[in-house]
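I have placed the structure first, in the form of structure tokens, so that the comments after it can refer back to it.
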Amino acid sequence: MTGVPASAAGGSSGARRTGPRGGSGAAQEPVERTTPGGATERGASDRGASDRSPVDRGAVERGATEGGAAGRGGKIAAAAVNQASVWNVANLLTMLRLLLVPAFVALMLGNGGYDPAWRSFAWAAFAVAMITDLFDGHLARTYNLVTDFGKIADPIADKAIMGAALVCLSALGDLPWWVTAVILGRELGITVLRFVVIRYGVIPASRGGKLKTLTQGVAVGMYVLALTGPLATLRFWVMAAAVVLTVVTGLDYVKQAIVLRRRGIAERRAALKETEG
């Protein structure tokens with residue numbers, strides 16, 4: 001019996017293979033074809049994102065829209081936090097120090113300005129102001145609480161409490177006016193100098209400057225108290241050390257400012273030559 005081979009007879013039906021869902025294999029199997037150059041191209045039956053249903057595409061678009069809205073909401077929330085950060089603990093300490101200035105003056109001049117009890121209260125206000133000065137800057141840098149308000153208010157509060165104490169002491173005759181003039185003149189001069197050279201860079205605070213601040217605080221605090229005997233002699237020498245440190249560190253700041261300005265001018269000229277060349 002001459003018959004057709006089973007493979008040939010069932011060729012057309014055998015070519016159909018059932019896929020995972022019982023569909024035809026032609027819809028599921030990859031398709032291969034040979035190009036005229038002999039290369040083989042292989043196409044997948046899954047067409048990816050183009051074969052997604054309208055429901056799937058809508059879900060993806062909604063997710064992208066919601067994600068964008070969430071991102072914008074996060075930026076708005078971050079901006080609100082930054083605006084509210086003015087009322088952080090570092091700035092509150094600075095505000096407290098500013099409020100202590102008139103309180104210190106009232107206590108210092110209370111009952112004629114020579115009452116030991118009133119002077120003790122004035123010393124307590126001065127001590128609190130100096131201690132908060134040590135902490136507010138540290139807190140701001142450590143916990144990223146630096147704000148524009150703090151940059152402006154902190155140095156003002158420092159100069160205000162120290163200036164009020166020096167002027168009161170000189171007005172009461174406890175401290176020579178030339179000492180007050182030297183210390184306040186140096187502080188105001190260095191502050192102006194910082195603003196003048198800020199276009200070329202920032203003059204960093206030195207260890208000598210920090211030691212000067214500490215010595216000034218101790219010396220003025222000792223003068224605020226109604227001390228007698230050896231302690232009165234000791235406060236004289238502490239104030240003398242504070243005046244020396246005030247002058248030396250002031251000259252050092254002037255030197256740094258001159259060097260910084262010259263370097264900044266040289267860098268600008270070099271950059272200008274490169275641009276023109």
What do the steps show when you test Arg97 against Asp154 for side-chain contact (heavy atoms from CB on, under 4.5 Å), and what is the final call?
CA-CA 9 Å; Arg97 198 158 69 254; Asp154 183 68; 2.7 Å; yes
Report the C-alpha distance between Val179 and Tyr223 in whole Å, list the side-chain angles of each, state the deciding distance to 0.1 Å, and finish with yes or no for side-chain contact (heavy atoms from CB on, under 4.5 Å).
CA-CA 13 Å; Val179 174; Tyr223 268 85; over 6 Å; no
Evaluate the side-chain contact (heavy atoms from CB on, under 4.5 Å) criterion for residues Arg186 and Thr249: first the C-alpha distance (whole Å), next the side-chain angles of each, then the deciding distance (0.1 Å), finally the verdict.
CA-CA 9 Å; Arg186 184 267 187 198; Thr249 55; 2.9 Å; yes
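Considering only heavy atoms from C-beta on, Met239 comes within 4.5 Å of Val220 through its side chain. Counting heavy atoms from C-beta outward, Arg199 and Arg268 have side chains that approach closer than 4.5 Å. Side-chain atoms of Pro155 and Thr191, non-hydrogen and from C-beta on, never get closer than 4.5 Å to each other. Side chains of Phe104 and Leu99 form no contact here, defined as non-hydrogen atoms less than 4.5 Å apart. The shortest distance between side-chain heavy atoms of Val259 and Gln256 does not fall below 4.5 Å.
Shown here for Gly163 and Leu184, the closest heavy-atom pair between the two residues is CA-CD2, 3.6 Å. Nearest heavy atoms, Met130 versus Thr213: CE-O, 4.5 Å. Nearest heavy atom pair, residue Val238 against residue Val218, reads CG1-CG1, 4.2 Å. Listed here is the closest heavy atom pair of Phe126 and Gly221: CE2-N, 3.8 Å. Contact between Ala153 and Leu98 at its shortest, heavy atoms only, is CB-CD1, 4.5 Å.
Checking Asn88, Asp136, Asp133 one by one against Thr94, the side chain to side chain donor-acceptor pair (under 3.5 Å) holds for a single residue, Asp136.
The CH2 atom of Trp177 sits 9.5 Å away from atom CG of Leu166, with the distance rounded to the nearest 0.5 Å. Rounding to the nearest 0.5 Å places CG of Leu245 at 10.5 Å from CD1 of Ile183. Rounding to the nearest 0.5 angstrom, the gap separating the CG atom in Leu107 from the CH2 atom in Trp118 is 6.0 Å. Rounded to the nearest 0.5 Å, atoms CG (Asn91) and CG (Leu96) are 12.5 Å apart. From Leu109, atom CG reaches atom CG of Asp115 across 12.5 Å, with rounding to the nearest 0.5 Å.
Side-chain atoms of Arg119 come within 3.5 Å of backbone atoms of Gly113 as a donor-acceptor pair (strictly under, hydrogens ignored). With Asp174 contributing its side chain and Leu169 its backbone, the two residues share no donor-acceptor pair below 3.5 Å. In this structure, the side chain of Thr142 does not engage the main chain of Leu139 through any donor-acceptor pair within 3.5 Å. A donor-acceptor contact shorter than 3.5 Å links the side chain of Ser170 to the backbone of Leu175. At least one donor-acceptor pair under 3.5 Å links the side chain of Tyr114 to the backbone N or O of Leu172.
Hydrophobic clustering, with ILVMFWY side chains joined whenever heavy atoms are under 4.5 angstrom apart, keeps Val247 apart from Leu193. Hydrophobic cluster membership differs between Val192 and Ile156, with clusters built from Ile, Leu, Val, Met, Phe, Trp and Tyr side chains linked at under 4.5 angstrom. Val89 and Phe135 fall within a single hydrophobic cluster, where Ile, Leu, Val, Met, Phe, Trp and Tyr are joined by side-chain heavy atoms under 4.5 Å apart, directly or via other members. Met222 is connected to Phe236 through a chain of hydrophobic side-chain contacts under 4.5 Å among Ile, Leu, Val, Met, Phe, Trp and Tyr, so both are in one cluster. Met162 and Ile131 fall into different hydrophobic clusters, where Ile, Leu, Val, Met, Phe, Trp and Tyr are joined by side-chain heavy atoms under 4.5 Å apart, directly or via other members.
The neighbour count for Tyr200 OH, taken as heavy atoms of other residues, nucleotides or ligands under 6.0 Å away, is above 12. Crowding of Arg194 atom CZ: a count of heavy atoms from other residues, nucleotides or ligands under 6.0 Å exceeding 12.
A salt bridge links Lys212 with Glu187; the closest basic N to acidic carboxylate O contact falls under 4.0 Å.
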